[in-house]
Participant: 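The structure follows.
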Amino acid sequence: MARQNTVFKEAYNRYAVALRTDTALPSEPEIAAQLGVSRSTARAILTRLSEEGIIRWNKRQKIVLRQPTDHDLFPSEETDSLHDIIERSFMQRILADDAAPGMQINELELAREIGTGTTSVREFLIRFSRFGLIEKRPNSHWTLKGFTREFALELADVREMFELHSAAEFGRLPRDNQSWADLAAMRDEHHAMLADINQRFKDFSVLDERFHLLIHRASKNRFIADFYDAIAIVFHYHYQWNKTAARQRNERAIHEHLDYIAALESGDQAAIETACRAHLHSARQTLLQSLPQVATESA
């Protein structure tokens with residue numbers, strides 16, 4: 001339900017800001033197709049617009065009465081892009097405890113779980129399939145392929161090349177750039193998690209994903225940002241494959257992140273490269289140790 005609520009809020013904001021006074025709105029199926037959401041979500045959007053006095057909804061007739069204001073919209077912290085929502089749900093599904101090579105992924109089931117339309121889910125899966133981790137089957141089905149040692153090593157090589165570039169670019173950002181404030185806030189989050197590591201070590205994968213995404217965004221390189229999909233899947237969610245010594249492993253990674261953050265904040269390019277390489281080397285070793293035995297042996 002939480003995912004569906006987020007999809008609704010994100011889609012509501014997108015639709016509301018595009019409304020123009022005195023215009024007639026199309027049918028629910030057309031709105032659903034336009035936004036890439038389910039019909040029930042489209043209906044919920046219309047219901048809220050009507051309740052807020054933004055539209056007049058009389059059976060099939062829907063007329064915009066006024067322009068929505070900022071007060072009518074959900075705050076940004078309550079919304080994520082539809083792509084982010086689908087990606088997060090997809091990652092959680094394929095890396096669940098019982099996920100294994102050969103597992104079937106159904107577009108319709110995934111769309112229902114998220115609360116979005118199948119078209120958006122299908123587009124995401126097609127886009128993601130180029131990494132070779134899933135394969136298309138007939139009748140809207142996909143098959144999860146195994147994560148092999150060879151795949152992991154290739155991905156680690158490319159990741160190191162991209163992240164070294166992104167980290168260097170981050171260090172060159174102007175000091176008034178919002179990314180520095182975001183990095184400081186993330187530093188505080190790391191310290192807070194470290195202070196309660198026994199209870200919160202399982203939450204590290206999400207913090208890890210956000211930290212590296214912040215660094216990659218500094219590159220302003222569309223190919224690096226695109227490649228991050230595969231990085232997030234393999235590096236930041238591999239913790240679920242092997243839970244042995246998870247607390248100690250995550251605690252060590254937090255300390256490495258803090259060293260990395262300190263190097264970034266120093267602006268010293270040599271220190272940034274040293275901290276980045278040290279963390280990526282550790283991440284590579286942890287990934288290889290965490291690969292399922294079957295996948296490792298099949299490489």
Side-chain angles (χ1 to χ4, degrees), residues 10 76-77 79-88 90-91 95 123-133 147 151-190 204-239 253-288:
E10 187 275 336
S76 58
E77 60 267 20
T79 62
D80 280 322
S81 71
L82 184 57
H83 175 274
D84 289 342
I85 296 166
I86 295 173
E87 179 183 88
R88 189 172 299 113
F90 171 73
M91 288 192 292
L95 294 177
E123 288 174 353
F124 171 82
L125 293 173
I126 291 172
R127 180 168 169 267
F128 193 84
S129 65
R130 70 191 187 283
F131 295 121
L133 299 179
F147 296 97
F151 179 89
L153 287 172
E154 290 175 1
L155 191 63
D157 288 341
V158 179
R159 180 204 187 183
E160 289 170 14
M161 178 176 64
F162 281 176
E163 185 149 343
L164 283 166
H165 171 75
S166 297
E169 290 300 308
F170 198 107
R172 298 187 185 102
L173 290 173
R175 287 292 161 170
D176 60 351
N177 190 285
Q178 178 60 37
S179 295
W180 292 111
D182 295 339
L183 187 66
M186 200 159 288
R187 183 206 327 120
D188 293 341
E189 289 187 60
H190 278 75
F204 176 68
S205 62
V206 176
L207 181 62
D208 187 50
E209 179 187 4
R210 290 173 49 224
F211 172 65
H212 288 280
L213 179 58
L214 177 64
I215 293 173
H216 282 299
R217 281 175 175 161
S219 71
K220 293 185 171 63
N221 184 304
R222 72 188 70 181
F223 299 105
I224 292 178
D226 194 48
F227 178 77
Y228 186 76
D229 287 338
I231 292 177
I233 284 285
V234 179
F235 279 94
H236 307 316
Y237 284 80
H238 71 272
Y239 305 98
I254 291 174
H255 283 292
E256 291 176 359
H257 278 193
L258 290 171
D259 290 341
Y260 197 168
I261 291 171
L264 289 168
E265 291 180 327
S266 74
D268 183 332
Q269 287 293 329
I272 291 172
E273 181 176 345
T274 298
C276 180
R277 286 189 182 277
H279 179 55
L280 294 180
H281 174 76
S282 177
R284 176 193 287 255
Q285 296 306 310
T286 301
L287 173 64
L288 294 178

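Here, residue 1 is the first one in the sequence, and each next residue gets the next number. Below, all heavy atoms of this structure are taken into account, side chains as well, without hydrogens, waters or symmetry copies.
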Participant: Check the pair N221 / F162 against side chain to side chain contact (heavy atoms under 4.5 Å, CB included), numbers first and verdict last.
Facilitator: CA-CA 10 Å; N221 184 304; F162 281 176; over 6 Å; no
Participant: Go through the structure and list residues passing side-chain hydrogen bond (donor to acceptor under 3.5 Å, both in side chains) with D268, not counting sequence neighbours.
Facilitator: none
Participant: Just checking Y260 against H190, ring centres under 6.0 Å apart?
Facilitator: no
Participant: Any chance you could measure H165, atom NE2, to I224, atom CD1, to the nearest 0.5 Å?
Facilitator: 4.5 Å
Participant: Name all residues meeting the side-chain hydrogen bond (donor to acceptor under 3.5 Å, both in side chains) criterion together with S282; count only those two or more places apart in sequence or in a different chain, and write none if there are none.
Facilitator: E256
Participant: Just how far is it from atom OG1 of T286 to atom NE2 of H281, taken to the nearest 0.5 Å?
Facilitator: 9.5 Å
Participant: Taking all heavy atoms of G171 and all of I272, pick out the closest pair and write down the distance.
Facilitator: CA-CD1, 3.8 Å
Participant: What distance do E273 atom CD and L280 atom CG have between them, rounded to the nearest 0.5 Å?
Facilitator: 10.5 Å
Participant: Going by the salt bridge (charged side-chain N to carboxylate O under 4.0 Å, His left out) test, which pairs reach into residues 168-178, not counting sequence neighbours?
Facilitator: E169-R172
Participant: How close do A283 and R159 get, heavy atom to heavy atom, and via which atoms?
Facilitator: CB-NH1, 3.5 Å
Participant: At what distance, to the nearest 0.5 angstrom, does SG of C276 lie from NE2 of H212?
Facilitator: 8.5 Å
Participant: To check you understand the geometry: which heavy-atom pair defines the closest contact between L264 and W180, and what is its length?
Facilitator: O-CH2, 3.2 Å
Participant: With a 4.5 Å cut-off on side-chain heavy atoms, are F170 and L214 touching?
Facilitator: yes
Participant: Distance check, rounded to the nearest 0.5 Å: L125 atom CG versus F90 atom CZ?
Facilitator: 5.5 Å
Participant: So, using side-chain hydrogen bond (donor to acceptor under 3.5 Å, both in side chains) as the criterion, who are the partners of Q269 when residues are at least two apart?
Facilitator: none
Participant: Can you find a heavy atom in the side chain of I215 that is under 4.5 Å from one in the side chain of L183?
Facilitator: no
Participant: Using the ring of each side chain (for Trp, its six-membered ring), is F204 parallel, tilted or perpendicular to H257, with breaks at 30° and 60°?
Facilitator: tilted
Participant: Got a sec, which pairs hit salt bridge (charged side-chain N to carboxylate O under 4.0 Å, His left out) with one end in residues 177-188, sequence neighbours left out?
Facilitator: R187-E265
Participant: Does R217 have any side-chain hydrogen bond (donor to acceptor under 3.5 Å, both in side chains) partners at least two apart in sequence or in another chain, and if so, which?
Facilitator: none
Participant: Under 3.5 Å, is there a donor-acceptor pair between the side chain of S166 and the main chain of E163?
Facilitator: no
